[in-house]
2 protein chains.
Amino acid sequence: MAEPDFILRENCPQRRIHYILNGKWTSMVLSVLSYGPMRTGQLERALPGISKKMLTQTLREVENGGLVHREVFHVVPPKVEYSLTPLGIRFVEPLSALYDWAKDNAAALDELEDNLRRSAEAASKQGE
Amino acid sequence: MAEPDFILRENCPQRRIHYILNGKWTSMVLSVLSYGPMRTGQLERALPGISKKMLTQTLREVENGGLVHREVFHVVPPKVEYSLTPLGIRFVEPLSALYDWAKDNAAALDELEDNLRRSAEAASKQGE
DNA sequence: CTGTATCCAAAATGATACTG
DNA sequence: CAGTATCATTTTGGATACAG
C-alpha cells in the first residue's frame, strides 16, 4: 500500500529543489543571468542591496553547482563575466515561471502583505 | 528610457514572492495542505523532520497571512484542522508548478548535487 | 492532541578594510 | 574592477519542559 502523495520525505525532489531557493540571492542571481552573460558590476547593480560578500559567495556557489560559468579576461582593469551553463538554463526555467507568476499576481502579494501587517498590528495592540 | 528588465528592485514582485519561499517549511506546508484539509498530527507526519515548534510557527505565519484557515473543534481530545483559503490556493499554484518541475527533473538535481559534492571534496583536498 | 515558552546552537547575512 | 578575509550581528531553527 503506497504512501499518500502529500508526504514530503527528506530526500524528495520537492525538498531538494529548495537548495536554490534557500539562499537569499541565489535564485535572483540566476534569474538576472538568464538575460545574458554579465559582469560582476552589472550583477551588483541589477540586485540593489546585495553586499559584495553575498554576491561573490552566491556566485561561487552556483559556479560550484555547475549552474554558472565564470570567465576571466586578463586585462586591466580586470574583467570577469558570468553566464548560465546548460544546466543553469534548466534551473532557470521553473524560476522564471515562478517570477512570472509573481509579476502577474502582484495583487495577491499585496493582499498577503496587508494581512501580515494587520496581524502584526493586532499583536502589538495586545502589549499596550 | 526604461531600465532593463533584469533589474530586481527591492520591492519588485520577484523579491516579494520570496516571502513564502524563505522559511524552511512554509512552501512545503502549503503544498501538503493543497491535498486537502489536515489535522496538526497529519501535517507533522507529512513533513518528516519538522519540529513541533517550526510546525506551529509556520502555521501561524500562513494563517496570519490569510493563506490558511484554522478551525478548532472543541472535543476531547482537542482537534484542529487546517485548510487553504482562496488566497492560499492561489499561492499554491506556482508552488505546485515548481514542485512538479522538481519531480520531473530529479536528474538535474542529482547533477547539481554531484557538482557541489565534487567541488567540496576538491576544496578539502587543498587543506591536507 | 495541540500548543506555548525558553533556552540555546547554528546558519545566514552584512559592514568594512584590505589586496592585486 | 574584482575579490578576499574578518568580525559582528541577525535570523533561524531545534530540544525540551510544561499546559489546556
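Everything numeric in this text was worked out from a predicted model, so none of it was measured. Lettering follows sequence order; numbering is per chain, from 1.
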Does A:K53 or A:P77 map to a spot on DNA chain D nearer the 5' end, using the closest nucleotide for each?
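Its nucleotide being nearer the 5' end, the pick is A:P77.
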Atom-pair distance ([atom1] on [X]; [atom2] on [N]), nearest Å:
X: A:M38; N: D:dA2; atom1: CE; atom2: C1'; answer: 17 Å
X: A:R39; N: D:dA2; atom1: CZ; atom2: C1'; answer: 9 Å
X: B:L47; N: D:dG14; atom1: CG; atom2: P; answer: 12 Å
X: A:Q57; N: D:dA2; atom1: CD; atom2: C1'; answer: 16 Å
X: A:L55; N: D:dA2; atom1: CG; atom2: C1'; answer: 10 Å
X: A:M54; N: D:dT4; atom1: CE; atom2: P; answer: 14 Å
X: A:E71; N: D:dG3; atom1: CD; atom2: P; answer: 13 Å

Side-chain N,O ([X]) to OP1/OP2 ([N]) below 4.0 Å:
X: A:Y82; N: D:dG3; value: yes
X: A:T56; N: D:dT4; value: no
X: A:R70; N: D:dA2; value: no

Just so I know, are the side chains of B:L95 and B:L21 near enough to count as touching, which here means a heavy-atom distance under 4.5 Å?
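Yes, at least one pair of side-chain atoms sits under 4.5 Å.
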I'd like to know whether A:Y82 forms a side chain to side chain donor-acceptor pair (under 3.5 Å) with A:Q42, so could you lay out the CA-CA distance, the side-chain angles of the two residues, the decisive distance to 0.1 Å, and finally the verdict.
CA-CA 10 Å; A:Y82 295 91; A:Q42 289 179 284; over 6 Å; no
Value for CG (B:L33) from CG (B:L43), rounded to nearest 0.5 Å, stands at 5.0 Å
Euclidean distance, A:L109 CG relative to B:R15 CZ, rounded to 0.5 Å
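With rounding to 0.5 Å, CZ (B:R15) is 14.5 Å from CG (A:L109).
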A:Y99 and A:S27 side chains, donor-acceptor separation under 3.5 Å
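Looking only at side-chain atoms, A:Y99 and A:S27 do form a donor-acceptor pair, the distance falling under 3.5 Å.
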Interface limits on DNA chain C, where chain A has a heavy atom under 4.0 Å of a nucleotide atom
C:dT13 to C:dG20
Please report the shortest heavy-atom distance between B:N115 and A:G66, naming the atom on each side.
ND2-CA, 3.7 Å
Smallest separation among heavy atoms of A:F6 and B:V32, with atom names:
O-CG2, 3.4 Å
Salt bridge between B:R90 and B:E93, side-chain N to carboxylate O under 4.0 Å?
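No, no charged N to carboxylate O under 4.0 Å.
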Check each residue of residues 8-30 of chain A for a non-hydrogen atom within less than 4.0 Å of any atom in DNA chain C, then write out the ones that pass by number, or none.
A:G23, A:K24, A:W25
Is B:F73 reachable from B:V68 through a run of hydrophobic residues whose side-chain heavy atoms are each under 4.5 Å from the next?
no
